[in-house]
Student: 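Sending over a structure as structure tokens; questions will come in a sec.
Chain naming here is simple, since letters A, B, ... match the order of the sequence lines and numbering starts at 1 in each. In this text the structure is predicted, and so the values were computed from the model without any measurement.
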Amino acid sequence: MARPYYVTTPIYYVNDRPHIGHAYSTVAADVVSRYQAIRGKPSYFLTGLDEHGLKIERRAKEEALAPQDFVDRMAAPFREAWEELDCQHHGFIRTTSAQHKENVQALWKRMEERGDIYLDDYEDWYCVGCESFKTEKELLEGNLCPIHKKPVERIKERSYFFRLSNYTQPLLDYYEEHPDFVQPDSRFNEVKSFVREGLRDLSISRTSFRWGIPVPGDPEHVIYVWLDALTNYISALGGPAEEGEEPLFDEFWRNAGTITHIVGKDILRFHAIYWPAFLLSAGVRLPTHVWAHGWLTVNGEKMSKSLGNFLPPGPLVEAFGADVLRYYFMREVGFGQDGDFSHRNLINRYNGELANGLGNLMNRIVASILKKSLDGQVPSIDLGALDDSDRALISKAQSSVEEAAKHYEALAFHRALDTIWELVSAANKYVDSTEPWMLAKQDDKTRLRQVCYTVLETLRWVSIMLFPVMPQKCNELRAQLGMPPLLPTEQVDLWPSAWGGLRPGAQTKPSTPLFPRFDEAQERSILERLGVERPAEDDKKANAMTESEPSKDDFIEFDDFMKLDLRVGLVKTAERVEKSKKLLKLGIDAGESAPRQILAGISEHYAPEDLVGKRVVIVANLKPRKLMGLESQGMVLAASDDDRLSVLVVERDVEPGSRAK
RNA sequence: GGGCCCAUAGCUCAAUUGGUUAGAGCCCCCGGCUCAUAACCGGGUUGUUCCUGGUUCGAGUCCAGGUGGGCCUACCA
């Protein structure tokens, strides 16, 4: 019995419109799901939307809509995008659905019963923009909110906590026992080292907004968005639930052979640490794999609204077709690595691999040789009478099938496609060396039949191997071969195994080329329509030549220097920061009404009393930053070599606050 | 500051885990073929495998140090 396979995408925050980043994750999950389905495994593919949070509440207000109406409206483009891209999810979860809310609360109760939830005062960094707390670790350099890029404040609120700290060791144990839990390996290393540092309890409720799921028994509080969002993976199946209560949950979670969460590398921590901890607490089994994929840039640049290269998938599907876009996503970059989405590259791959490689192979044999010489019928041959060249191709096909399967299982899509294209290339060589057109001329029908059959059967195999990535094109290919569409069936493994499955006598149906080549004019018009500039190669080179030389120098402008507000500061007070190894807290007179508090990481080199009375140089306009809970309003300059450190001291007694320049 | 990962042809990547002369694809040039979508096939050019040492009969692969890049993390500010 093939064990069930469950694959998920992240649920996308409905505040955004779908772009190729979303599309990339979703296509990958669809490919996984389709692959498992043709291998006969019961397969369930879940995607969906994260619809709660203050941001949504506020956006809805701006648009004068009820939050529910707003998210209903924003959800539609996602559904459409996945339909356009032929991503056949089995479930589409929305966190505002009644079932999801109930299940999140059920999970909460289980965690509460375990004794892992308690109410406490919460003091932490707070972003006014988000109206929510940020953990220290979420903050950007300089105590900035990662979303608003503005400084956060220290604020107290009453909040429910999850005893995440109790799960440090259980998580490490789980990682140890499941060495392929997180992929790629280097990401797993990051997760482990983060957990090894020790985990702090996690605030899991908010009182600052309403648009969320109420805490059971305390409706003043709304459940933390990540606890809400992560639960989608089981709530969509009806979980958490006791055995026998929810068939989907039993099949695809409790008894699943594999549970794979596909996520972007930015949300790995939530999936690899928090989520398993919640599940451990609630007594629910853990997923088997969390796969963090990389980011796509667009034509070499980071995708962003401000750069105007925010790429929705729709126009690309319109221009190239869903399958071609899917192919490109899966072919171009190694899954797990960062990559680039380049229109030019897509067209190159299309022409080189799809049109010239596969499309032309099918065309030359089906639409031409077979049609002209054998009435377009799949020939009947003696499989025992093949010659060495036939057997070589067959053996190539067999190894290719094996390899591709291995790569699909490992989500190494680009490798799987690589392998398949080696077979396509071998088939083209085979046609060249066997010269079926000569056989037709010489009227060597027996050999001609053998050759044609060998190529046709290879194409049939390819139509299966490629199916997860290009389902529609593969069915078109099969139609031209006179084959029915591929119909995944549970417990039936459709993956090629025995040579000779193509039925002799079937009527092939040559039709238009599968992948018509783009000529230069078409290429230009497509790029134009998509608003992509055609890089003028020569100009680019010329620019690179002239620009690179002078920009080589490392000088800055005088104005750049003047941006620094360097001043003389008189050290009035100095003391050690409690529990700190390195920090001294200095009170520094910089000619202002009150002394500044500046922290300096120099206590391994200076005793506090050595500094008082010294005139030092400070950077006065450095953005304030909190260290060990204390604000530092500037920076004291110091120089150090391998083992010594010296604060920069001013030689004469100029007034505190004097500008250094 | 601590840690993880990476560096191979102009570009994108392989190299069966230490084993012969480091390979593909794209690009470029030449030739062939003509069934086919200006396709296809063959041939050709490009390497100090980042550097320096070490282990070994043998190193792209292992070890040490360095350089460059990416990422995670922290009490640099």
Student: Counting side-chain heavy atoms from C-beta on, which of B/C5, B/A36, B/A14 comes nearest to A/R415?
Tutor: B/A14
Student: Before giving the answer on side-chain hydrogen bond (donor to acceptor under 3.5 Å, both in side chains), spell out for A/R576 and A/S603 the whole-Å C-alpha distance, their side-chain angles and the decisive distance to 0.1 Å.
Tutor: CA-CA 7 Å; A/R576 289 213 158 79; A/S603 74; 4.6 Å; no
Student: Base, sugar-phosphate or nothing for A/P436? Non-hydrogen atoms, less than 4.0 Å.
Tutor: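 A/P436: no heavy atom of the nucleic acid under 4.0 Å.
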Student: In whole Å, I'd like the distance from the CG atom of A/L583 to the C1' atom of B/A74.
Tutor: 11 Å
Student: Between C1' on B/G3 and NZ on A/K192, what's the gap in Å once rounded to a whole number?
Tutor: 13 Å
Student: Pick one: which of A/F335, A/Y327, A/W291 meets ring-ring contact (aromatic ring centres under 6.0 Å, His included) with A/F413?
Tutor: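 For A/F413, the ring-ring contact (aromatic ring centres under 6.0 Å, His included) test succeeds with only one of A/F335, A/Y327, A/W291, which is A/F335.
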Student: Send over the distance from A/I618 CD1 to B/C76 C1', rounded to a whole Å.
Tutor: 16 Å
Student: How close or far is atom P of B/U12 from atom OH of A/Y328, stated in whole angstroms?
Tutor: 12 Å
Student: Taking the basic N atoms (NZ, or NE/NH1/NH2) and the acidic carboxylate oxygens, is any pair closer than 4.0 Å for A/D519 and A/R517?
Tutor: no
Student: Please report the closest heavy-atom contact between A/V333 and A/G339, naming both atoms and the distance.
Tutor: CG1-CA, 3.1 Å
Student: Sugar-phosphate means primed atoms, P, OP1 and OP2; the rest is base. With that split, encode nucleotides 39-45 of chain B 5' to 3' as B, S or - using protein heavy atoms under 4.0 Å.
Tutor: SSSS---
Student: Between A/D338 (CG) and B/C71 (P), how many Å, whole number?
Tutor: 8 Å
Student: Rounded to whole angstrom units, what separation is found between the NZ atom of A/K371 and the P atom of B/A36?
Tutor: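 So the two atoms are 11 Å apart, to the nearest Å.
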Student: I need the CG-P distance between A/N189 and B/C71, as an integer number of Å.
Tutor: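 Going from CG in A/N189 over to P in B/C71 covers 17 Å.
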Student: Could you tell me the separation between the OH atom of A/Y430 and the C1' atom of B/A36, rounded to a whole number of Å?
Tutor: 17 Å
Student: What's the shortest heavy-atom distance between A/M362 and A/L477, and which atoms?
Tutor: SD-CD1, 3.4 Å
Student: Inspect the contact between A/R447 and A/D390 and indicate whether a charged nitrogen and a carboxylate oxygen are less than 4.0 angstrom apart.
Tutor: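 So A/D390 pairs with A/R447 through a salt bridge.
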Student: Taking the nucleotide of RNA chain B with the nearest heavy atom to each, does A/M438 or A/K265 sit closer to the 5' end?
Tutor: A/M438
Student: A/S632 near the nucleic acid: base, sugar-phosphate alone, or nothing, with a heavy-atom cut-off under 4.0 Å?
Tutor: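 Contact class for A/S632: sugar-phosphate only.
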Student: Does B/A36 have OP1 or OP2 under 4.0 Å away from a side-chain N or O of A/K372?
Tutor: yes
Student: A/L599 near the nucleic acid: base, sugar-phosphate alone, or nothing, with a heavy-atom cut-off under 4.0 Å?
Tutor: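 Here A/L599 touches the backbone only, sparing every base.
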Student: Where does B/U56 land, syn or anti, given syn is within 90° of 0?
Tutor: anti
Student: Rounded to whole angstrom, note down the C1' distance from B/A64 over to B/U55.
Tutor: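 After rounding to an integer number of Å, I get 11 Å for this pair.
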Student: Taking 4.0 Å as the cut-off, does a side-chain nitrogen or oxygen of A/R344 come that near to OP1 or OP2 on B/C26?
Tutor: no
Student: For RNA chain B, which consecutive runs of 3 or more Watson-Crick or G-U pairs (each distance under 3.5 Å) count as stems?
Tutor: B:1-7 with B:67-73, B:10-13 with B:23-26, B:28-32 with B:40-44, B:50-54 with B:62-66
Student: Would you mind classifying the nucleic acid contact of A/A600 as base, sugar-phosphate or nothing, using non-hydrogen atoms under 4.0 angstrom?
Tutor: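 The answer is sugar-phosphate, as A/A600 gets under 4.0 Å only of primed atoms, P, OP1 or OP2.
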Student: Run the salt-bridge test on A/E523 and A/R344 with the 4.0 Å N-O cut-off and return the result as yes or no.
Tutor: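 Judged by the 4.0 Å cut-off on N to carboxylate O distance, A/E523 and A/R344 do form a salt bridge.
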Student: I'd like to check A/K661 versus A/L566 (side-chain heavy atoms, cut-off strictly below 4.5 Å). Are they in contact?
Tutor: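 They are not in side-chain contact.
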Student: Is there a donor-acceptor contact under 3.5 Å from the side chain of A/D201 to the main chain of A/S165?
Tutor: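 Here the side-chain-to-backbone pair exists.
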Student: If you draw the axis of the six-membered ring of A/Y408, does the NZ or CZ of A/K406 fall within 45° of it and under 6.0 Å from the ring centre?
Tutor: no
Student: For A/K441 and A/E190, find the nucleotide of RNA chain B closest to each by heavy atoms; which residue's nucleotide sits nearer the 5' end?
Tutor: A/K441
